[in-house]
Amino acid sequence: MILTWLYAPGDRPEVVAKALRSGADAVIVDLEDSVSASRKEYARAATAELLTERPPVPVHVRVNALGSPWSGADLTALAKLHGLAGLRLPKVDAPEQITRVADRTGGVALYALLESALGVERAYEIARAHPSLQGLTLGEADLCADLGVCAESGLDWPRSRVVVAARAAGLAPPAQSVFPDIRDLEALAASCARGRALGFLGRAAIHPRQLPVIERAFLPAPEEVTAAEEIVTAARATPGALALPDGRFVDPAVVAAAHRTLSLSRRRPF
């Protein structure tokens, strides 16, 4: 189960190499925002060379925005490579964009980044666009600019919308978008706690120092593990709906959530 995703710029192979050794569950090589126009071709070629073999952790690539001068070449160069775990598609705002990329890339796992009001509004349709789509996430910096949002609380509704759309479409819970301040780890922890309460699972990072904070925030606390163990034990003894001695009502959905909690608790700590 992936909790930590670390971004690395595609035109900096030495930074990508460090990211692969950082302990992150997955690395996202970025060909878009972190790469200047003059270095797009170099970034694409360096990333293609990396992915000719399977890296030690899953590597996803955020290609350039669909319709940009570089996106077509990105998809052609990367889609068939053995080491590619998935493609991140920026600025998706219509299900047809997913369908076109899926038809072109032939079964590669796709992830849609929703970075506009229109993309958020169409989140469920995008989530159901094609079986190759494996996840949704928000691009919060661009979304804030589009919405005119200047406080994190203004993102609560879009965040909830994306979580609900993903789950309604049968996708995994989304990972949170990056937290831009790499020094304020206390604020990062608080933001992760808020995201977890909204239904996110894991988060993207832009610096390795953020990774342990993210993992701690999304791993269950000891009391959560104890409660999950009680639920699972009771469900084994009495299948179906039941009430625990402390009055908590337990049904199959609650039991399934308890199993997910126990699965997370068995992760090896960062």
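Excluded from the calculations below are hydrogen atoms, water molecules and symmetry mates; all remaining heavy atoms, backbone and side chain alike, are included.
- When atom types are taken as modelled, the side chain of Arg260 and the backbone of Leu264 share no donor-acceptor pair closer than 3.5 angstrom.
- A cation-pi arrangement is not found for Arg196 relative to Phe218, the charged atom failing to lie both closer than 6.0 Å to the ring centre and inside a 45° cone about the ring normal.
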Check the pair Leu20 / Leu50 against side-chain contact (heavy atoms from CB on, under 4.5 Å), numbers first and verdict last. CA-CA 11 Å; Leu20 293 172; Leu50 168 72; 4.0 Å; yes
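- Remark: the backbone N or O of Val35 is paired with a side-chain donor or acceptor of Lys40 at under 3.5 angstrom.
- Side-chain N or O atoms of Lys18 include none that pairs as donor or acceptor with a backbone N or O of Pro208 at under 3.5 Å.
- Salt bridge status for Glu32 with Arg88: absent, with no side-chain N to carboxylate O gap under 4.0 Å.
- In this structure a side-chain-to-backbone donor-acceptor pair under 3.5 Å is missing from Lys91 to Leu66.
- Judged by distance alone, with hydrogens and angles left aside, the side-chain atoms of Glu49 form no donor-acceptor pair with the main-chain N or O of Ala46 at under 3.5 Å.
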Val59 vs Leu84, side-chain contact (heavy atoms from CB on, under 4.5 Å): CA-CA, chis, key distance, verdict: CA-CA 6 Å; Val59 171; Leu84 179 69; 5.7 Å; no
Worked check of side-chain contact (heavy atoms from CB on, under 4.5 Å) between Asp184 and Glu186: CA-CA 5 Å; Asp184 195 343; Glu186 185 175 338; 3.8 Å; yes
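- When hydrophobic clusters are built by joining Ile, Leu, Val, Met, Phe, Trp and Tyr residues whose side-chain heavy atoms come closer than 4.5 Å, directly or via intermediates, Ile126 is not grouped with Phe200.
- At distances below 3.5 Å, not a single donor-acceptor pair connects side-chain atoms of Thr76 with backbone N or O atoms of Ala73.
- In this structure, Asp30 contributes its side chain and Ser34 its backbone to a donor-acceptor pair below 3.5 Å.
- Taken together through direct or relayed side-chain contacts under 4.5 Å among Ile, Leu, Val, Met, Phe, Trp and Tyr, Leu110 and Leu78 form part of one hydrophobic cluster.
- With rounding to the nearest 0.5 Å, the separation of CG in Asp11 from OG in Ser36 is 6.5 Å.
- Not a single donor-acceptor pair under 3.5 Å links the side chain of Glu215 to the backbone N or O of Pro212.
- Side-chain contact of Ser191 with Arg203: a donor-acceptor pair under 3.5 Å is present, judged by distance alone.
- Hydrophobic clustering (ILVMFWY, side-chain heavy atoms < 4.5 Å, transitive): Val178 and Leu211 are in distinct clusters.
- Of the possible donor and acceptor atoms, one in the side chain of Gln134 sits under 3.5 Å from a partner among the backbone N and O of Pro131.
- Linking ILVMFWY residues whenever their side-chain heavy atoms come closer than 4.5 Å, directly or via other members, leaves Leu113 and Leu147 in distinct clusters.
- In this structure, the separation between CG on Asn64 and CG on Asp74 is 4.5 Å, given to the nearest 0.5 Å.
- Arg104 places a side-chain N or O within 3.5 Å of a backbone atom of Gly72 that can act as its donor or acceptor partner.
- In the hydrophobic clustering of this structure, Val27 does not group with Tyr7; members are Ile, Leu, Val, Met, Phe, Trp, Tyr whose side-chain heavy atoms approach within less than 4.5 Å, directly or through other members.
- Between the CG atom of Asp93 and the CG atom of Leu114 there is a distance of 9.0 Å, given to the nearest 0.5 Å.
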